[in-house]
Amino acid sequence: MPDSFSEVSSKSWFERIRESIKGVLVGIVLLVAAFPLLWWNEGRAVRTYKSLVEGAAAVVDVAADQVVAANEKKLVHLTGDATTTETLTDQTFAISANAIKLRRTVEMYQWKEDEKLETRTKVGGGEETVTTYTYDRAWSESPIDSAKFKQPAGHENPHGMKYSSDSFVAGKVTLGAFTLSDSQVGRINNFTKLPVDENTLA
């Protein structure tokens, strides 16, 4: 069961006016800064579109089963399954698999803090804000620093994790007769869960 507590803070009418003026000034600054940023972004979009059009006109469809020397340094298009002959091993847990990538995901069950704000207008133009902090346990891949909680007592988390997430990548990945570059392999992220049995234990 989650537990929670609330804090109440107030602002006078003059404080609200002062913050509104600050907000207007910041808005003007952001509006002025937005014009060059918009111009830069539109220019980049146009360059990207021109590159795609140029690439579509120059691309050559090829078969994956052979590399043709005449297509060297040309933009080619092919389809097929990426494969590797390598067996990747997670030495920490002694698990192996023939795979392009092997990813270990480690999570720790720990406290997390959620913050909810509720603002109410008071008589006279003032403002009252009720901040509610809720604590519950959840799984997380990284340690949550409970020392930064509004109410750390009773919600202490361990300072670190015994194990961490990690990934292992095959050194050579091929698609038919072609060898994929590191950047191409890096974009392969169609992970599936690996059942752990006697066949996957190293």
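One is the number of the first residue; the rest follow in order along the sequence.
More than 12 heavy atoms of other residues, nucleotides or ligands lie within 6.0 Å of CG in Asp145, so this atom counts as buried by the packing criterion. Within a 6.0 Å sphere centred on CG of Asp65, other residues, nucleotides and ligands contribute more than 12 heavy atoms. In this structure, Asp81 places its CG atom where only 12 or fewer heavy-atom neighbours from other residues, nucleotides or ligands lie under 6.0 Å away.
In terms of heavy-atom proximity, Gly160 sits nearest to Pro143 at CA-CG, 4.2 Å.
The backbone N or O of Gly171 lies less than 3.5 Å from a partner atom in the side chain of Glu86, making a donor-acceptor pair. A donor-acceptor distance shorter than 3.5 angstrom exists from the side chain of Thr84 to the backbone of Lys172, with no hydrogens or angles considered. Side chain of Ser140 to backbone of Ser142: a donor-acceptor contact under 3.5 angstrom is found. Side chain of Lys101 to backbone of Leu88: no donor-acceptor contact under 3.5 angstrom is found. A side-chain donor-acceptor contact under 3.5 Å links Glu113 to the backbone of Lys150.
Linking ILVMFWY residues whenever their side-chain heavy atoms come closer than 4.5 Å, directly or via other members, places Leu194 and Val106 in the same cluster.
Taking a 4.5 Å side-chain heavy-atom cut-off between Ile, Leu, Val, Met, Phe, Trp and Tyr, the cluster of Leu78 extends to Val60, Val62, Val67, Val76, Ile100, Val169, Val173, Leu175, Phe178, Leu180, Val185, Ile188.
In this pair, Tyr135 and His155 present their aromatic rings parallel. The plane angle is below 30°, not in the 30 to 60° band.
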Output, in order, the C-alpha distance, side-chain angles, deciding distance and verdict of side chain to side chain contact (heavy atoms under 4.5 Å, CB included) for Leu102 and Asp90. CA-CA 8 Å; Leu102 179 63; Asp90 182 344; 4.2 Å; yes

So Glu127 and Thr119, side chain to side chain contact (heavy atoms under 4.5 Å, CB included) or not? Walk me through it. CA-CA 7 Å; Glu127 192 175 77; Thr119 302; 3.2 Å; yes

Can Glu42 and Val46 be said to form a side chain to side chain contact (heavy atoms under 4.5 Å, CB included), step by step? CA-CA 6 Å; Glu42 288 296 322; Val46 170; 5.5 Å; no

I would like to know whether Leu25 and Val29 meet side chain to side chain contact (heavy atoms under 4.5 Å, CB included); could you show each step before the answer? CA-CA 6 Å; Leu25 294 176; Val29 172; 5.8 Å; no

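With sequence neighbours excluded, no residue forms a side chain to side chain contact (heavy atoms under 4.5 Å, CB included) with Lys116.
Pairs of residues two or more places apart, or lying in two chains, that qualify as side chain to side chain donor-acceptor pair (under 3.5 Å) and include a residue from residues 156-170 are Glu141-Ser165.
Here CH2 of Trp111 is found 5.0 Å from CG of Asp3. Values are rounded to the nearest 0.5 Å.
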